[in-house]
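In this text, all values refer to a predicted model and were calculated from it rather than measured experimentally.
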Protein chains: 2
Amino acid sequence: MTARTSNDTARDIPEATVARLPIYLRALITLAEDSIETCSSEELATAAGVNSAKLRKDLSYLGSYGTRGVGYDVEYLRYQIAREIGVTQDWPVVIVGIGNLGHALANYSGFRSRGFRVVALLDADPDRHDEVVAGVDVRPFDELEEIAAEHGVAIGVIATPALAAQDVADRMVTAGIASILNFAPTVLSVPDGVDVRKVDLSIELQILAFHVQRKTAASALAQENSA
Amino acid sequence: MTARTSNDTARDIPEATVARLPIYLRALITLAEDSIETCSSEELATAAGVNSAKLRKDLSYLGSYGTRGVGYDVEYLRYQIAREIGVTQDWPVVIVGIGNLGHALANYSGFRSRGFRVVALLDADPDRHDEVVAGVDVRPFDELEEIAAEHGVAIGVIATPALAAQDVADRMVTAGIASILNFAPTVLSVPDGVDVRKVDLSIELQILAFHVQRKTAASALAQENSA
DNA sequence: AGGAGTTTGTGAACGAGAGAACAAACTGAG
DNA sequence: CTCAGTTTGTTCTCTCGTTCACAAACTCCT
């Protein structure tokens, strides 16, 4: 997925593990809210919806933060994972495209609570400028470079229609944004070293539909055979 | 991911391949719109953002729909993939939770164009009932079973806050909905045979943040070494 | 102190997915 | 008809990820 460019000095953590760390983090936060101070790999795995062996192996890539015979200290492990992911620091983010989805993203509380701060909402449509969404000004798309430089933005979110997405991505790359979260239903082409993650709502539904169809086809066949 | 319950009579397609079929489908639709009648695996692979060998292997699970020395007929392959996924038929869908995200989902045109028809928007808040969003009535959550039965709903979308999500999922399962797309930041526990896919906005950002951090840490280190 | 009972961290087996490479099958020119 | 050129479908290998199983390390009770 992500291009490994430079020579990895840090021990590298498998991509599959990285994708699960935020899940563990959320589970730990929930446990902490319930005033639970210690948990076993089994308990944490259940809370995160994974196998306990997998959880232990994942955590072992970060270091040895548990105590045998006891388990993990919730607060301590929570901090270690947060530090590893990088959510102990503040991440300025720009969102481009203030349609329905852009609105939803701007209002999503899960961003702010994880250290992601929306510093600007950008839209090409002049009618939307000077609007205020979720306490943030909507600015002209042309100001992207300026805003990115000013706030040190490293992460950009694309919530435009498919047609505009590639242009937006190009401009983001020019502006020095090397990590992009793309909600537009398009394959983006970007230079090496730029990290793109894609979220596609209709693809998720299609995958579900495939499984539904397979299930119903299988049961119809079973019924036929038993007749 | 998905629990394989029944004895698979159909040749089974690897999960990784299933996840890519909708991408191929979209690429084919784009090609068709550009009046391209034939394409090679290389061209289609580029349009879909994958390796051509992987594409050919994926397609080979569906059957042998290409012609050696020629390539694939765009329209024919498009139909075959659509049929395999199941998007040639109509899929009634309910969305629960009409916040910002629910609104965005209800308005998302990519659903309707792929055969997903939103038959109802449900919300527990009585103030929202009889509102109309994207041409669809907002109904009380209590009517879930009734509506699901009436329209033969097989797929449910959860766009509620985290706290409500498990209850909603339980009710969906009771109502016979065995495929759930969950946008709430929670791990759902469901009986075997129920298929849950999760989309988590803040997790995607956290994964990006991890890579940014690693990149900047690596370059800082490189700079240090060269000094 | 010692032993029974837990629970972590990890080595090793296993399975799934990615990519290279090539034979099979087609087209079109001569 | 034959041969060169093209492109698919598939086999093989390698890498990555998952799971099992167990030694190491800790607690607590006697």
Walk along nucleotides 21-30 of chain D from 5' to 3' and tag each nucleotide B, S or - by protein heavy-atom contact under 4.0 Å, base first, then sugar-phosphate. B-BBBBS---
By side-chain contact (heavy atoms from CB on, under 4.5 Å) - contacts of [X] (at least two apart):
{"X": "Glu75(A)", "value": "Ala32(A), Asp73(A), Arg78(A)"}
{"X": "Ala164(A)", "value": "Thr160(A)"}
{"X": "Lys54(B)", "value": "Arg20(B), Val50(B), Asn51(B), Asp58(B)"}
{"X": "Ser40(B)", "value": "Glu42(B), Glu43(B)"}

Any residue meeting side chain to side chain donor-acceptor pair (under 3.5 Å) with Ser41(A), in chain and number order, not counting sequence neighbours: Arg56(A)
For the helix from dA1(C)-dT30(D) to dG30(C)-dC1(D), measure the angle between the helix axis at one end and the axis at the other, each built from five pairs, rounding to 10°.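 It works out to 0° between the end axes.
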Residues touching DNA chain D, which here means a heavy atom under 4.0 Å, drawn from residues 17-47 of chain B: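 Those residues whose heavy atoms fall under 4.0 Å from DNA chain D, taken from residues 17-47 of chain B in numerical order, are Ser40(B), Ser41(B).
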Residues two or more places apart in sequence or in another chain: which of them pass ring pair (Phe, Tyr, Trp, His ring centres under 6.0 Å) with Phe210(A)? none
If you check every side-chain atom of Lys54(B), which of dG9(D), dA18(C), dG17(D) has the closest atom?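 My answer, after comparing the listed nucleotides, is dA18(C).
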Which pairs pass side-chain hydrogen bond (donor to acceptor under 3.5 Å, both in side chains) with one or both residues in [range], sequence neighbours excluded?
{"range": "residues 26-36 of chain B", "value": "Asp200(A)-Arg26(B), Ser202(A)-Arg26(B)"}
{"range": "residues 163-184 of chain A", "value": "Glu145(A)-Arg171(A), Gln166(A)-Asp170(A)"}
{"range": "residues 84-94 of chain B", "value": "Asp90(B)-Arg117(B)"}

Below 3.5 Å, does any donor atom in the side chain of Lys57(B) face an acceptor in the base of dG19(C), or the other way round? yes
Whole angstroms only, please: what is the OH-P distance between Tyr61(A) and dC16(D)? 11 Å
Is there a side-chain polar atom (N or O) of Tyr65(A) under 4.0 Å from OP1 or OP2 of dT7(C)? no
Short side-chain N/O contact from Tyr72(B) to OP1 or OP2 of dG9(D), under 4.0 Å: yes
Close side-chain approach of Ile81(A) and Tyr65(A), heavy atoms under 4.5 Å: no
